[in-house]
Amino acid sequence: MQQNLLNFDAQQLTAWFAAQGEKPFRARQVLRWLHKAGESDFDAMSDLAASLRSKLKQQACVQIPNMMREELSDDGTRKWLLDVGTGNAVEAVFIPEETRGTLCVSTQAGCALDCAFCSTGKQGFNRNLSVAEIIGQLWWANREIGKDAGGNWPVSNVVLMGMGEPLLNLDNTVSALHLMLDDNAYGLSRRRVTVSTSGIVPAMDRLREECPVALAVSLHAPDDALRNMLVPVNQKYPLRELMAACQRYLECAPRDFITFEYVMLEGVNDSAQQARELVTLVRDVPCKFNLIPFNPFPQTHYRRSGAEAVRRFRDVLMQAGIITTTRRTRGGDIAAACGQLAGQVQDKTKRTHQLMEVRT
Ligand code: SAH
Ligand code: SF4
């Protein structure tokens with residue numbers, strides 16, 4: 001079987017080349033062609049010996065997911081639906097801003113964690129994405145948007161905030177992160193790559209050891225009773241353990257704060273009293289808050305908090321000295337906003353029943 005070279009980070013590619021009797025610098029050359037130049041045709045890799053090129057053509061391939069559909073929002077946001085086989089498709093979203101271009105990447109087909117307010121969660125879970133399928137989203141976006149950009153890749157920031165829980169697909173996520181940071185691949189700084197997690201405590205510790213990038217933690221509630229309901233994985237990793245894991249993460253993090261994400265749900269988690277409780281909860285964790293207006297999707301009974309409630313909530317946090325931003329909704333008209341990514345998922349989990357069996 002041909003080996004898809006997009007499944008390897010630098011170290012893994014070097015090991016594969018060594019197994020083929022090839023020198024490490026050849027692996028570096030190929031890595032640059034694949035990721036820096038976005039090249040998928042071995043014949044175009046002009047500085048490789050003809051013999052190596054023909055060997056690669058026999059034993060290897062470069063395969064990214066097929067693009068099934070592209071949608072363009074009025075605000076410039078782009079969403080791609082990428083075919084990951086057997087009836088599954090995932091979504092990647094590019095959000096252009098004046099000074100940066102952010103790509104929101106998916107790590108799983110669906111998600112098993114079933115957060116109450118999340119469209120991806122409602123789809124159920126099918127499988128983890130491979131390294132090639134994760135990094136393929138960046139490869140694809142850079143090529144698509146970069147066609148007219150004169151060789152400057154337009155993606156300056158990556159957030160792992162698309163479909164799925166990245167820390168439940170940790171090995172593949174870490175290899176993809178290595179590629180994002182590698183100077184022979186995408187060369188992004190650790191601060192420009194953010195992993196978002198619902199709080200898988202042991203995996204947060206592993207990420208800290210294996211590839212500490214910026215970390216966002218989806219908090220959404222100030223107490224365990226409410227968080228158990230909104231983010232059911234909290235039953236396994238309650239707030240006290242989560243806060244301790246955040247503190248440990250900061251020992252290695254490229255930024256000296258955790259970003260807490262907090263989706264604002266009217267009448268559920270948006271009172272001033274709950275904001276005060278949050279201040280107490282995060283007392284020992286240097287952090288910023290990012291308040292996310294709830295993005296509705298079909299079959300949800302939640303409503304977005306009103307502007308006044310959001311302002312009141314933010315004021316409480318700010319007065320306690322916590323920098324708090326409110327996320328601007330982008331791509332809402334093409335269902336590309338946070339939590340709206342539904343893709344196409346053949347559910348294998350029979351929903352929540354397997355939640356507590358999820359391995360880390
Ligand atoms: N599984 C990871 C990353 C993907 S979700 C996590 O939960 O962190 C990315 C972010 O979108 C999370 O903060 C999540 O809570 C938020 N989100 C989910 N559904 C949402 C919705 N309907 N409206 C707004 N944000 C939502
Ligand atoms: Fe999964 Fe994140 Fe959605 Fe929760 S919010 S269901 S963890 S993708």
Side-chain angles (χ1 to χ4, degrees), residues 90-93 95 102-126 128-129 134 137 158-170 173 193-201 203-204 207 213-221 226-237 242 246 258-266 268-270 288-305 310 325-332 335-343 345 347 349 351-352 354-355 358 360:
V90 298
E91 295 179 332
V93 178
I95 307 144
T102 303
L103 185 71
C104 180
V105 166
S106 295
T107 53
Q108 298 183 312
C111 183
L113 295 187
D114 199 24
C115 297
F117 48 81
C118 174
S119 169
T120 303
K122 297 293 152 221
Q123 304 285 307
F125 174 73
N126 185 273
N128 284 331
L129 299 188
I134 299 172
Q137 297 168 56
V158 176
V159 292
L160 273 59
M161 292 185 187
M163 296 170 67
E165 168 51 56
L167 298 192
L168 288 179
N169 182 14
L170 190 65
T173 293
V193 177
T194 303
V195 166
S196 173
T197 180
S198 55
I200 313 295
V201 165
M204 288 166 68
L207 183 69
V213 292
L215 188 67
V217 173
S218 297
L219 198 52
H220 308 315
L226 181 59
R227 196 164 191 269
N228 285 345
M229 194 186 87
L230 295 177
V231 185
V233 78
N234 191 72
Q235 294 160 36
K236 198 167 180 187
Y237 305 115
L242 181 57
C246 289
I258 299 284
T259 302
F260 285 123
E261 295 162 281
Y262 197 95
V263 63
M264 298 293 289
L265 305 167
E266 186 179 60
V268 176
N269 67 353
D270 64 349
K288 293 185 181 174
F289 265 77
N290 193 212
L291 305 181
I292 314 175
F294 170 64
N295 293 309
F297 52 90
Q299 298 110 31
T300 180
H301 62 278
Y302 289 110
R303 284 190 309 268
R304 180 182 286 190
S305 301
V310 176
T325 50
T326 307
R327 191 174 292 174
R328 209 154 49 96
T329 294
R330 299 285 303 264
C338 300
Q340 291 184 321
L341 303 186
V345 177
D347 181 30
T349 56
R351 302 274 14 145
T352 54
Q354 295 191 358
L355 171 63
V358 165
T360 54

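Numbering starts at 1 and runs along the sequence shown. Indexing begins at 1, ligand by ligand and atom by atom, following the structure's order. Remember, predicted model here, so these are calculated numbers, not experimental data.
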Asks: How far is atom 2 (Fe) of ligand 2 from the closest protein heavy atom, and which atom is that?
Replies: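 Protein heavy atom with the smallest distance to atom 2 (Fe) of ligand 2: Gly164 O, 4.5 Å.
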Asks: What atoms in ligand 1 come closer than 4.0 Å to a heavy atom of Asn295?
Replies: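 Every atom of ligand 1 under 4.0 Å from some heavy atom of Asn295: 21 (C), 22 (N), 23 (N), 24 (C).
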Asks: Asp114 heavy atoms, cut-off 4.0 Å: which ligand 2 atoms fall inside?
Replies: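 The atoms of ligand 2 under 4.0 Å from a heavy atom of Asp114 are 6 (S).
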Asks: Is ligand 1 less than 4.0 angstrom away from at least one heavy atom of Pro296?
Replies: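 It does not, in that no heavy atom of Pro296 comes within the 4.0 Å cut-off of ligand 1.
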Asks: Going by the angle between their ring planes, with limits at 30° and 60°, are Tyr262 and His220 parallel, tilted or perpendicular?
Replies: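 Tyr262 and His220: tilted rings.
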Asks: So which of Ser119, Cys115, Gly164, Gly121 gets nearest to atom 1 (N) of ligand 1, if we judge by its closest heavy atom?
Replies: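 The residue whose heavy atom sits nearest atom 1 (N) of ligand 1 is Gly164.
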Asks: Parallel, tilted or perpendicular: which fits the ring planes of Tyr302 and Phe294, with parallel below 30° and perpendicular above 60°?
Replies: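 Correct class here is perpendicular.
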Asks: Tell me which part of Met163 gets within contact of ligand 1: side chain, backbone, both or neither, using heavy atoms under 4.0 Å.
Replies: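 Contact part for Met163 vs ligand 1: neither.
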Asks: What's the shortest distance from atom 3 (Fe) of ligand 2 to any protein heavy atom, and which residue and atom give it?
Replies: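 Among all protein heavy atoms, the one nearest atom 3 (Fe) of ligand 2 is Cys118 SG, 2.4 Å.
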Asks: Below a 4.0 angstrom heavy-atom separation, can you tell me which part of Glu165, side chain or backbone, both or neither, approaches ligand 1?
Replies: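 Both of them.
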Asks: Please work out, at 4.0 Å between heavy atoms, whether the side chain, the backbone, both, or neither of Val263 comes within that distance of ligand 1.
Replies: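 Side chain only.
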Asks: Polar-atom distance check: Met161 versus ligand 1, any N or O pair below 3.5 Å?
Replies: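 Among all N and O atoms of Met161, none is under 3.5 Å from an N or O of ligand 1.
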Asks: Do any nitrogen or oxygen atoms of Glu261 lie less than 3.5 angstrom from nitrogen or oxygen atoms of ligand 1?
Replies: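 There is such a contact, yes.
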Asks: Show me which atoms of ligand 2 lie under 4.0 Å from any heavy atom of Ser198.
Replies: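 That gives atoms 7 (S) of ligand 2.
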Asks: Heavy-atom contacts with Gly162 under 4.0 Å: which atoms of ligand 1 show up? List them by number with element.
Replies: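 Per the distance check, 4 (C).
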Asks: Can you report which non-hydrogen protein atom sits closest to atom 4 (Fe) of ligand 2, along with the distance?
Replies: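 Answer for atom 4 (Fe) of ligand 2: Cys115 SG, 2.3 Å.
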Asks: As an exercise, identify every atom of ligand 1 less than 4.0 angstrom from a heavy atom of Cys118.
Replies: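 This gives 18 (C), 19 (N) as the contact atoms.
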Asks: Below 4.0 angstrom from a heavy atom of Leu113, which ligand 2 atoms are there? Numbered from 1 as shown, please.
Replies: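 Listed by number with element, the hits are 7 (S).
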Asks: With heavy atoms of Gly121 as the reference, note each atom of ligand 2 found under 4.0 Å away.
Replies: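 Answer for ligand 2: 6 (S).
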Asks: Show me which atoms of ligand 1 lie under 4.0 Å from any heavy atom of Pro293.
Replies: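 Selected atoms, number and element: 24 (C).
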Asks: For the residue pair Asp114 and Gly121, what are the closest heavy atoms and their distance?
Replies: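 Smallest heavy-atom distance, with atoms named: OD1-O, 3.7 Å.
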Asks: What part of Thr197, side chain, backbone, both or neither, has a heavy atom within less than 4.0 angstrom of ligand 1?
Replies: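 Answer for Thr197: backbone.
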Asks: Of all the non-hydrogen atoms in the protein, which one sits nearest to atom 1 (Fe) of ligand 2, and at what distance?
Replies: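 The closest heavy atom on the protein side is Cys111 SG, 2.3 Å.
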Asks: Under a 4.0 Å heavy-atom limit, does Cys111 contact ligand 1 with its side chain, its backbone, both, or neither?
Replies: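 Neither; nothing of Cys111 gets under 4.0 Å from ligand 1.
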